[in-house]
Number of protein chains: 2
Amino acid sequence: MTLTLYTAPTGNGFKPTILLNFLNIPFTLHLFPWPTPEIKQEWYLKINPNGRIPSIVDDGIRLNESNAILLYLADKYDKEGKVSYKVNDGDNYWKQIQWLFFQSTQFTNAFQQLFIYRTSNVTDEQVLGKAFANSDNVYSVLEGQLKKGKFIVGDKFTIVDISFVSVHYRMVKTLEGTIYEIKDFAEKYSRCQEWYCTCYSFKEVREAFEKVAN
Amino acid sequence: MTLTLYTAPTGNGFKPTILLNFLNIPFTLHLFPWPTPEIKQEWYLKINPNGRIPSIVDDGIRLNESNAILLYLADKYDKEGKVSYKVNDGDNYWKQIQWLFFQSTQFTNAFQQLFIYRTSNVTDEQVLGKAFANSDNVYSVLEGQLKKGKFIVGDKFTIVDISFVSVHYRMVKTLEGTIYEIKDFAEKYSRCQEWYCTCYSFKEVREAFEKVAN
């Protein structure tokens, strides 16, 4: 049975395609236009009762939540740990899990807030100031971590980097040139910027962004 | 070396204590008053650079993000799967991960929004309506899942239930009797209410709420 990925061009939606590119795993891509009411249709709610993307169906397993999907695919198709840590790696494995939770919560929330304000044209300086303080906080934490090494956990590019770069790319693309973009990003967060360039230099990353595009 | 838990009486803060109670694991409890500026002090930022709770230090491993801590403790101290699924359990293991991500993102966000509005005294009906629509969405998803069984994943009480009940309990305690509480909860979400009563009937759960209290 083939692995099927249901996704769309969003921060979370890019993640599984990047990983599958790195692992060279064949899959059927069901690409939704975005945004779309299709994800609330009955046939899709059977796959993902939460009506969100991405989801996968693989050998009878239906899974959603993008970072859960990364962990599942890495466990099944990356036995040698090319782009993931295994439970035997001890500390790095648990830091991998920890950073995936940080990504899905605080990191995504900081971006979401700016994105929502852009969508609803919020211009109140105090409100925007709070949102920028939030994004400042999460990028400072990431900057601190990237001072220890080139990648987020340990010494290799992993599903953690995949998880962050997908959302970061989406943020850059949707906010750049608007009043909602983080000013002087490359100067304030030079390690983050360097890390982003490194991640973007991988053709597996760029090709996934192109494949899962509007 | 002893396991040390740094925590406070919040939705995320209750989680590890409940699990440690079930597993009967001795630990040193560092209980912060709440809220507290202490979590931004240098000594604590060495344990958790993000300045949040909970965190654990165990055998040289420092870990934060409450659901990552649950997975770590379950892997290390619950080898027999008393309250957790193991990777050999297949689908249930991956659903466990999936629901932990759903809990930490959408479920927590829905509660946080109501909590923030309560704190800042927001009374605009349209704004509150959106927040209630969000909480309605996540509890509907949970209600749908609990129609399949007594607990959230599979047929036993697990770290997934621990994760949800901690935040749900915190929500009930902080919003009940205010205009921010979800009206007619027990009628609208009868399975969720039943599940909550079942979880609360475990003394390991109740004692954790009491131990980690303001």
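Proteins get letters first, then strands, A, B, ... in listed order; numbering begins at 1 in each. The basis for the numbers below is simple: all heavy atoms, side chains too, and nothing from hydrogens, waters or symmetry mates.
Ion pair B:Asp59/B:Lys76 flagged as a salt bridge, since at least one NZ, NE, NH1 or NH2 atom sits closer than 4.0 Å to an Asp/Glu carboxylate oxygen.
Of the atoms belonging to B:Leu100, heavy atoms from both backbone and side chain fall under 4.5 Å from chain A.
Taking the six-membered ring where the residue is Trp, B:Tyr189 and B:Phe185 present tilted rings, their angle falling between 30° and 60°. Using cut-offs of 30° and 60° on the angle between ring planes, the pair B:Tyr169 and B:Phe14 is perpendicular. A:Phe107 and A:Phe102 have tilted rings, their planes meeting at an angle from 30° to 60° on a 0 to 90° scale.
For the set A:Thr108, A:Asn50, A:Thr105, the count of heavy-atom pairs under 4.5 angstrom toward chain B peaks at A:Asn50.
Contacts of residues 137-154 of chain A with chain B at a heavy-atom distance below 4.5 Å involve A:Asn137, A:Val141, listed in sequence order.
Two rings, from A:Phe32 and A:Tyr44, have their centers less than 6.0 Å apart.
Counting heavy-atom neighbours within 6.0 Å of A:Asp155 CG, excluding the residue itself, gives a total of 12 or less.
Geometrically, A:Lys15 does not engage A:Phe164 in a cation-pi contact, judged by NZ or CZ lying under 6.0 Å from the ring centre and within 45° of the ring axis.
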